[in-house]
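For reference, the structure discussed in these notes is given below.
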Amino acid sequence: MRKLFEPFSFYFQHSKMLTKTRMQYKLDAFLCCIAVFVRESAGIVGVFLVLQTFNNIGGWNMQELFFLFSIIFLTYSFLVFLFSGIRDFSNIVNNGEFDKYLLRPRSVLLQIISANSDYFAAIGHGTLGLVLFIISANSIGTDWSFANILYLIITIIGGVLIQASIWLLFSCSSFFLIKTDSLKDFLYWNTRKFAGYPLSVFPGFIQKLLMFVIPFAFVNYFPAQYFLHKPDLAN
Amino acid sequence: MSIIVENLSKTFKIKEKQKGIGGALKSLVAPKTKLIKAVEDISFTIDDGQAVGFIGPNGAGKSTTVKMLSGILYPSAGRINVNGLVPYKNRIEHVKNIGVVFGQKSQLWWDLPITDTFDLLKKIYKIPSDVYSRNLELFNEILGLHEFETQQVRQLSLGQRMRADIAAAFLHEPSIVFLDEPTIGLDVVAKEKIRLFIKEINRVKKTTLLFTTHDMTDIEKTCQRIIVIDKGKILYDGTIDSFKTKLNKDDFNEAVYEMFTGGI
Ligand SMILES: Nc1ncnc2c1ncn2[C@@H]1O[C@H](COP(=O)(O)OP(=O)(O)O)[C@@H](O)[C@H]1O
Ligand SMILES: [Mg+2]
């Protein structure tokens, strides 16, 4: 039993140290969170402006699109809180930190996950995700029953794990292909941009990309379809 | 026998950059690679408790050897056995028993006092509390860590940081410690403290040491034996005294200088 919990206590010791580190730069931390929030909100404002003229995108109105976006931001918040070490893996290798982990008698993956956490991005994205969720949740016609809340929680957990797995895949490949950063940026970040819109508006190959290659559709699109009872792609 | 190295080699393959846009395109299609033989067919053994000076000019292959012994790098050829284990195969078992100090790097948390890193190491290596506090006390005595233990690492002088990094590497009582240029850039006082520490730990705990430095006084004051390496090959392996005799010099420094510039 003790052995089972040991990795968690290992993780929390790192969390304590990371928090202590961040608290030394309080103003810096605060500004960083604001900056992330503003940067990400700009994209949302763009969608808002487009919808002033078009009314909907692929049959999804503004509230529904905000709900779609909220899942991206909420999952990203947990993702970088827990797994930013996997995202920044190539930096960790380049600055020699990876060697340090290799020299310690612990799982390298556990060390990378424990010793890295992007609190600023987590707070910035998390706040935006929450705002979008609160704006949209009551006007999309979803009955927030216990079952649906549970489904939402599972959606978030699943979304976090899917994206973490994508990152992990790229991290592993960086051992064989030295520079994978640009590949990751290209595939992950562009796919993530697509995921802000309903899958049905895209041509077939992008739909396939989001379903089978970088499976972002399972992070937000399919779960949102369930909550919104959207029939698109059904035929 | 704690370290056995047989016919060990490491060859790095690096891509050569070619000039101009044409060159950039060429290296994209058919990259020109160059082989660097960092370590070439070296063999030696080190007994339990021995302190060995590992010397040679810049680029000789010292760090590469240390990295292979500590399990960070995979050898290109040859065999390594450390405490009965193959470093790159039994990573976790192997690193429980070794400590490594790289003078150019630090394993301390930059924004926190050293005690936080030490506490983390206690957890990582599962060091029993009594052993941990006993060691800290002993290390404090020689390295004077108390003076700066509440300051953040980024505020420490190079000498203070290095003393802390060395303490960190010995905290879990490893049977072997690799020290790769731990005295680089330090003043005489800091160097002396480090030498004293290394000597004392080697005496009291019988820790096996492989010590890399460019300061021959470091070696004379701490090591019984030296291994001299240049261009990836071992030039000498034996005691300091017979080294001096071999090169016909009374002064160790001069003997080393002679060895690396001789032949010309
Ligand atoms: N990662 C690497 N990639 C390519 N060449 C390397 C690498 N590490 C070391 N070398 C080369 O191997 C040789 C030996 O380096 P090193 O072991 O660091 O020497 P020393 O520690 O004795 O100064 C040098 O020529 C160096 O440029
Ligand atoms: Mg070196």
Side-chain angles (χ1 to χ4, degrees), chain A residues 2-29 32 85 88 91-120 174-180 182-183, chain B residues 13-15 28 31 63 66-74 85 87-88 90-102 104-127 151-155 165 168-169 171-172 174 176-178 180:
Chain A
R2 253 180 102 180
K3 214 168 168 191
L4 200 66
F5 287 115
E6 217 284 330
F8 291 99
S9 116
F10 184 79
Y11 181 86
F12 285 122
Q13 179 142 1
H14 278 91
S15 302
K16 262 191 284 178
M17 293 171 82
L18 281 169
T19 313
K20 236 169 150 181
T21 302
R22 299 287 188 267
M23 290 317 273
Q24 290 174 17
Y25 308 94
K26 283 198 195 77
L27 182 66
D28 198 39
C32 236
D88 304 333
N91 281 339
I92 290 171
V93 172
N94 288 334
N95 67 22
E97 209 155 309
F98 190 71
D99 290 354
K100 187 174 81 183
Y101 299 141
L102 281 178
L103 289 172
R104 293 174 173 174
R106 282 309 182 88
S107 143
V108 173
L109 186 60
L110 176 65
Q111 293 186 72
I112 287 178
I113 290 172
S114 304
N116 297 279
S117 182
D118 191 347
Y119 289 6
F120 309 137
S174 74
F175 285 115
F176 310 102
L177 316 156
I178 303 299
K179 265 278 163 222
T180 49
S182 45
L183 187 70
Chain B
K13 201 188 264 181
I14 55 165
K15 285 203 185 87
L28 207 65
S63 297
V66 168
K67 282 178 185 167
M68 286 192 282
L69 288 171
S70 54
I72 300 175
L73 274 182
Y74 214 88
L85 298 168
Y88 52 92
N90 317 80
R91 183 185 72 83
I92 290 191
E93 277 309 306
H94 169 66
V95 297
K96 276 182 192 168
N97 255 316
I98 64 164
V100 187
V101 179
F102 289 111
Q104 320 270 18
K105 284 185 210 149
S106 176
Q107 64 159 322
L108 305 166
W109 280 54
W110 199 239
D111 288 315
L112 299 177
I114 55 172
T115 39
D116 286 87
T117 303
F118 289 178
D119 285 342
L120 183 67
L121 291 171
K122 176 175 186 286
K123 188 156 204 90
I124 288 178
Y125 290 98
K126 304 189 171 103
I127 309 169
Q151 275 165 271
Q152 286 133 14
V153 171
R154 66 182 137 88
Q155 300 169 339
D165 251 306
L171 217 48
H172 58 292
I176 302 176
V177 176
F178 303 108
D180 192 4

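Here is how names work: the chains are called A, B, and so on, in the same order as the sequence lines, proteins then strands, and each is numbered from 1. Source: prediction; values computed, not measured. Side chains are part of it too, since the values below use all heavy atoms of this structure and drop only hydrogens, waters and symmetry mates.
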Applying a strict 4.5 Å limit to non-hydrogen atoms, the region of B/Leu73 in contact with chain A is neither
Can you check whether A/Glu97 reaches B/Lys105 side chain to side chain, under 4.5 Å on heavy atoms?
no
Using a 4.5 Å cut-off on heavy atoms from C-beta on, say whether the side chain of A/Ser9 contacts that of B/Lys123.
yes
Please report the closest heavy-atom contact between B/Ile92 and A/Ser107, naming both atoms and the distance.
CD1-N, 4.3 Å
Of the backbone (N, CA, C, O) and the side chain (C-beta and beyond), which part of B/Gln152 lies under 4.5 Å from a heavy atom of chain A, both, or neither?
side chain
With chain B, which of A/His14, A/Arg104, A/Lys100, A/Lys16 has the greatest number of heavy-atom pairs at distances under 4.5 Å?
A/Arg104
Show the nearest heavy-atom pair for residues B/Tyr125 and A/Pro105, with the distance to one decimal.
CE2-CD, 3.3 Å
Would you say B/Tyr88 and A/Leu102 make side-chain contact, with heavy atoms under 4.5 Å?
no
Is A/Leu110 in contact with chain B via its backbone, its side chain, both, or neither, using a 4.5 Å heavy-atom distance?
neither
Can you find a heavy atom in the side chain of B/Gln107 that is under 4.5 Å from one in the side chain of A/Leu103?
no
A/Tyr25, part contacting chain B, at a heavy-atom distance under 4.5 Å:
side chain
So, applying side-chain contact (heavy atoms from CB on, under 4.5 Å) with A/Met17, which one of B/Asp111, B/Asp116, B/Asp119 is it?
B/Asp116
How long is the span from the CG atom in B/Leu120 to the CZ atom in A/Phe10, to the nearest 0.5 Å?
6.0 Å
